[in-house]
Enquirer: 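This is the structure I want to talk about, given as structure tokens.
Chain identifiers are assigned alphabetically (A, B, ...) following the order of the sequence lines, protein sequences preceding nucleic acid strands; residue numbering begins at 1 within each chain.
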Protein chains: 2
Amino acid sequence: MESHSSWVDIPRESHFSLANIPFGIITTSYSVEKHAAVAIGDHVLDLHEFASRSGFVELQDFTSAQIATFSQPTLNDFAALGQEVHSKVRKYLRDVFLKESPFPDILRDNIEAQRASLFQRDQITMHLPMKIGGYTDFFAGKNHAYNCGCIFRDPAKALQPNYLHLPVAYNSRASSVVVSGTDIRRPLGQTLDTASASESIFGPCRRLDMELELGAFLCKGNKLGEPINVDEAEQYIFGFILLNDWSARDIQAWEAVPLGPFNAKTFATTISPWVVLKDALEPFHAPGILNETKLHKYLQESRKDNVYEINLEVELRSIDGDTATLSRTNAHNLVYSFAQMIAHHTIGGCPLEVGDLIGSGTISGTEPGTLGSLLEASNGGKRAHHLSPTINRTFLEDGDRVTIRGWCGSEKLELVGFGECSGTILSASKPAWLDT
Amino acid sequence: MESHSSWVDIPRESHFSLANIPFGIITTSYSVEKHAAVAIGDHVLDLHEFASRSGFVELQDFTSAQIATFSQPTLNDFAALGQEVHSKVRKYLRDVFLKESPFPDILRDNIEAQRASLFQRDQITMHLPMKIGGYTDFFAGKNHAYNCGCIFRDPAKALQPNYLHLPVAYNSRASSVVVSGTDIRRPLGQTLDTASASESIFGPCRRLDMELELGAFLCKGNKLGEPINVDEAEQYIFGFILLNDWSARDIQAWEAVPLGPFNAKTFATTISPWVVLKDALEPFHAPGILNETKLHKYLQESRKDNVYEINLEVELRSIDGDTATLSRTNAHNLVYSFAQMIAHHTIGGCPLEVGDLIGSGTISGTEPGTLGSLLEASNGGKRAHHLSPTINRTFLEDGDRVTIRGWCGSEKLELVGFGECSGTILSASKPAWLDT
């Protein structure tokens with residue numbers, strides 16, 4: 001996309017360029033009611049306020065019922081309008097923000113509308129963008145799956161026999177998905193007492209980890225009993241966010257046989273607040289990790305560039321304020337696409353719904369410094385990962401703040417990015433009734 | 001509770017005696033809008049219609065806002081009013097139905113109100129009673145866990161090392177919970193090709209099973225990071241239903257390592273439509289299966305009679321119309337209570353919410369004829385379970401109708417029962433785009 005200027009000052013390296021225009025849910029000092037908004041540079045346009053001042057009057061065939069979705073406290077109703085509407089709204093807003101806007105009276109030359117609807121990003125509060133009916137976490141980061149397997153098994157058997165045949169997943173918990181900035185309380189739980197090997201001890205998790213993931217929100221659902229065709233599955237996607245699937249590794253090891261991870265995952269999951277529309281990521285399609293296994297027909301996606309080229313970075317800041325880069329990798333490190341995940345999720349007839357969240361699974365590269373979890377970086381907790389002169393970590397410590405960032409494009413182009421997905425670890429807290 | 005008569009004719013063995021008065025969501029030929037209702041004998045009282053004719057005027061301190069919850073399309077808002085309100089409403093409705101009603105003008109002698117609000121049960125349609133934010137399935141049926149373990153392992157290792165230390169569970173899928181009577185489509189999926197042992201085949205599930213469970217709906221939630229005290233957990237329960245956790249055993253075997261069952265469970269789960277309030281089950285508390293393991297404090301429940309004495313029965317009807325009893329057992333066959341499940345679910349800080357559904361896990365006895373799944377009854381598919389002269393089953397066949405029933409009390413007392421939880425298996429159906 002040719003780079004154009006905006007009448008809003010957009011810093012060169014802003015994730016929220018004219019090529020992006022992601023959607024979120026905000027409150028402001030003027031309104032405690034949650035509304036839809038878009039991000040542009042260091043600013044935020046409150047779409048409810050914008051709409052109430054006829055901001056959408058120049059958008060053809062955009063009805064008042066559709067406009068009213070921006071006054072809802074989640075983006076679900078807007079998402080349900082479908083990709084064609086998302087795309088035309090995004091393009092329209094881009095036109096509104098162009099320096100040479102075709103509609104200068106809408107906002108560029110309309111000081112009163114700006115005062116009412118355009119805010120600095122640090123003046124607003126972000127909230128969860130969607131009401132999530134179901135959150136499913138996949139395991140499609142093949143390097144992560146392989147690295148974890150090597151920690152526990154012979155590398156020749158690192159990947160389970162099913163791994164390359166189907167996108168393995170588990171149902172996770174929607175109620176503990178929180179927006180970036182929410183503090184993350186170190187969970188209490190049972191872990192195996194390694195001294196005895198069959199008794200358990202109770203207390204704070206001692207192997208607290210993060211997981212770097214990409215998440216997709218759905219804008220469309222399927223009926224019970226009606227699988228989604230893998231070549232149509234992309235039409236079900238509203239947009240993407242970054243996701244940190246905080247994990248309690250010791251709690252997981254003890255609880256997960258035979259029904260999978262449970263409390264190890266459901267104490268919290270953080271997502272970035274701005275949903276980058278599928279539309280905005282179109283230029284960044286790329287092929288993923290090649291799967292040489294012959295897939296069953298329902299997983300055979302015609303599109304080969306079916307994942308995305310997204311630069312991903314994880315930063316850790318210790319309680320002392322020191323920072324270090326934990327990881328740099330790329331979202332193309334997936335062996336299954338979201339379309340394949342959706343097709344697999346529904347092949348037995350499971351219904352997906354607008355607002356559902358799908359996590360890709362931890363994304364890692366193959367080399368040190370490209371790993372999406374501390375479990376991998378510390379080789380299963382066996383060695384501290386030397387992050388900086390002052391920061392060594394096997395697992396997360398209280399006070400650590402983990403920030404995930406992601407962006408597409410390069411400095412020469414307008415960036416399409418996700419902002420931040422972050423959380424700070426608080427020390428575990430035993431309820432009064434549990435003090436022994 | 002002393003047996004009293006009702007002015008409504010209640011058949012002696014009705015599950016919906018004056019001691020019960022369960023709540024559900026109905027539509028009628030008069031109203032396509034879903035409303036709250038209660039069951040009484042073979043009748044149903046539409047609470048919205050009843051309320052709109054001043055039916056609750058004699059109930060002290062019951063506000064119009066509270067009454068308005070009966071006009072909602074789910075019971076969530078009524079549930080959120082709390083157990084004290086549930087109890088007083090249930091008691092009031094019982095008084096309304098007493099032959100010697102203290103309020104005869106409300107309904108007994110009010111023909112116009114009866115015409116508008118009292119229906120025959122076969123005149124109404126049942127719907128899901130709650131909007132379910134999260135559905136979690138536990139594994140607390142110790143005999144089931146042991147029986148399944150014996151199928152795969154040495155009986156000395158039938159139970160996993162963690163089993164008696166914590167109520168093992170997995171997050172399941174709320175979107176595929178359906179009301180009794182919904183047809184159940186045999187799922188498509190991948191299963192291990194046993195001939196090759198590392199390839200998979202795709203097609204209809206060939207080991208389709210049912211699971212007899214008790215389910216609890218919540219009326220109260222907890223905040224992120226704030227576990228629920230096991231001795232307060234019962235206050236979070238709205239009421240109970242029967243649950244069939246239909247399972248695709250072959251799909252499960254292939255997909256479940258390492259993240260647990262996924263498509264094997266999420267194609268459908270059936271629940272009975274009438275929620276028996278916790279209040280109504282109080283007389284039927286009983287101790288469960290003794291757990292000799294010393295539990296951690298957060299699971300140490302003061303109450304010892306912490307499960308329920310509920311007669312459970314599973315009937316199978318083949319496509320030819322022949323019927324046989326698959327199983328007779330009791331809901332006291334649980335080693336963990338719902339209070340312990342709730343405490344464990346939240347100990348890491350996971351938030352539960354009004355409307356959440358918790359499944360007990362398959363309930364089985366120890367003897368043939370008391371098993372809650374075909375997996376157990378057929379010893380892992382190795383031998384057909386001889387149910388009747390005309391019905392032998394390893395796993396479910398197309399056209400089979402499985403019906404779960406449950407009731408408390410005996411013929412000499414008023415029964416408190418759940419009605420039916422049933423579903424009929426439809427043959428698998430490949431979408432047109434998947435035909436090879």
Side-chain angles (χ1 to χ4, degrees), chain A residues 133-134 139 160-162 165-166 168-176 178 182 185 187-190 192 197-200 202 205 224-227 229 248 251 254-264 266-268 296-298 344-345 347-353 356 429 431 433-434 436, chain B residues 133-134 139 160-162 165-166 168-176 178 182 185 187-190 192 198-200 202 205 224-227 229 231 248 251 254-264 266-268 296-298 344-345 347-353 356 429 431 433-434 436:
Chain A
F139 192 38
Q160 298 287 352
N162 59 10
H165 291 268
L166 60 88
V168 174
Y170 67 98
N171 301 295
S172 193
R173 181 79 190 175
S175 69
S176 50
V178 297
T182 304
R185 176 78 63 190
L188 298 169
Q190 290 193 36
L192 181 61
S198 62
E199 294 304 306
S200 69
F202 176 80
C205 161
L224 183 79
E226 297 184 11
N229 182 333
I251 291 174
W254 179 230
E255 73 179 355
V257 180
L259 299 177
F262 182 64
N263 282 342
T266 58
F267 61 95
H296 288 289
K297 186 169 191 218
Y298 79 98
H344 182 67
H345 202 329
I347 191 60
C350 178
L352 300 181
E353 298 169 339
D356 281 351
S429 169
W433 44 265
L434 209 49
T436 39
Chain B
F139 192 38
Q160 299 286 352
N162 58 12
H165 292 267
L166 60 89
V168 175
Y170 68 98
N171 302 295
S172 194
R173 182 79 191 176
S175 69
S176 50
V178 297
T182 304
R185 177 78 62 190
L188 298 169
Q190 291 193 33
L192 181 62
S198 63
E199 294 302 307
S200 69
F202 176 80
C205 162
L224 182 79
E226 295 184 12
N229 182 335
D231 285 335
I251 291 174
W254 178 229
E255 72 180 355
V257 180
L259 299 177
F262 183 64
N263 283 342
T266 59
F267 61 95
H296 289 288
K297 188 169 191 217
Y298 79 97
H344 181 68
H345 202 330
I347 190 59
C350 179
L352 300 181
E353 299 171 338
D356 281 350
S429 168
W433 44 265
L434 209 49
T436 41

Enquirer: Need one label for B/D231: side chain, backbone, both or neither, based on atoms under 4.5 Å from any heavy atom in chain A.
Expert: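 Contact with chain A is absent: no heavy atom of B/D231 under 4.5 Å.
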Enquirer: Hey, what do you get for CD1 (B/I347) to CG (A/L434), rounding to the nearest 0.5 Å?
Expert: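 Between atom CD1 of B/I347 and atom CG of A/L434 there are 5.0 Å.
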Enquirer: Which region of A/N263, side chain (C-beta onward) or backbone (N, CA, C, O), has a non-hydrogen atom less than 4.5 Å from a non-hydrogen atom of chain B, or is it both or neither?
Expert: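 Side chain only.
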Enquirer: Report which part of A/L224 has an atom under 4.5 Å of a heavy atom belonging to chain B: side chain, backbone, both, or neither.
Expert: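 Interface part for A/L224: side chain.
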Enquirer: To the nearest 0.5 Å, tell me how far A/L188 CG sits from A/F202 CZ.
Expert: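 A/L188 CG to A/F202 CZ: 4.5 Å, rounded to 0.5 Å.
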Enquirer: B/E226 versus chain A, heavy atoms under 4.5 Å apart: side chain, backbone, both or neither?
Expert: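 Answer is neither: B/E226 stays 4.5 Å or more from chain A.
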Enquirer: Let's test your reading of the structure: which of B/Y170, B/F267, B/F262 forms the most heavy-atom pairs below 4.5 Å with chain A?
Expert: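 Going by pairs under 4.5 Å, I would pick B/F262.
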Enquirer: Where on A/L192 is there a heavy atom nearer than 4.5 Å to chain B: the side chain, the backbone, both, or neither?
Expert: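 Contact with chain B is absent: no heavy atom of A/L192 under 4.5 Å.
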Enquirer: Looking only at heavy atoms and a cut-off of under 4.5 Å, which of A/A169, A/P187, A/P161 has the most pairs with chain B?
Expert: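 Sorted descending by pairs with chain B, the first entry is A/A169.
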Enquirer: For the candidates A/A264, A/S176, A/P351, A/C350, which exhibits the highest count of non-hydrogen atom pairs separated by less than 4.5 Å from chain B?
Expert: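 Top count of heavy-atom pairs under 4.5 Å with chain B: A/P351.
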Enquirer: For the residue pair A/E255 and B/N162, what are the closest heavy atoms and their distance?
Expert: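 Closest pair (atom of A/E255, atom of B/N162, distance): O-ND2, 3.5 Å.
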Enquirer: Can you tell which part of B/P261 gets under 4.5 Å to a heavy atom of chain A, answering side chain, backbone, both or neither?
Expert: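 Interface part for B/P261: both.
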Enquirer: Would you mind telling me which of A/A256, A/P258, A/P227, A/C205 has the largest number of heavy-atom pairs within less than 4.5 Å of chain B?
Expert: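 Greatest number of close heavy-atom pairs with chain B: A/P227.
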Enquirer: With chain B as the partner, which of A/L166, A/L352, A/V168 has the greatest number of non-hydrogen pairs under 4.5 Å?
Expert: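 So the answer, after comparing A/L166, A/L352, A/V168, is A/L166.
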Enquirer: Determine the option with the most heavy-atom pairs under 4.5 angstrom with chain B, choosing from A/H344, A/R185, A/E199.
Expert: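 Highest number of heavy-atom pairs under 4.5 Å: A/H344.
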Enquirer: Between A/Y298 and B/Q190, do the side chains contain a donor N or O and an acceptor N or O under 3.5 Å apart?
Expert: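 A pair is found: one side chain offers a donor N or O, the other an acceptor, under 3.5 Å apart.
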Enquirer: Nearest 0.5 Å, what's the OG1-NE2 distance between B/T266 and A/H345?
Expert: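 B/T266 atom OG1 to A/H345 atom NE2 measures 6.5 Å (nearest 0.5 Å).
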Enquirer: What part of A/H165 gets within 4.5 angstrom of chain B, counting heavy atoms only: side chain, backbone, both, or neither?
Expert: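 Contact with chain B involves both backbone and side-chain atoms of A/H165.
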Enquirer: If you tally heavy-atom pairs under 4.5 Å against chain A, which of B/S200, B/G134, B/G189 wins?
Expert: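 Of the candidates given, the most pairs with chain A belong to B/S200.
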Enquirer: Chain A heavy atoms under 4.5 Å from B/I251: which part of the residue, side chain, backbone, both or neither?
Expert: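 The answer is neither part of B/I251.
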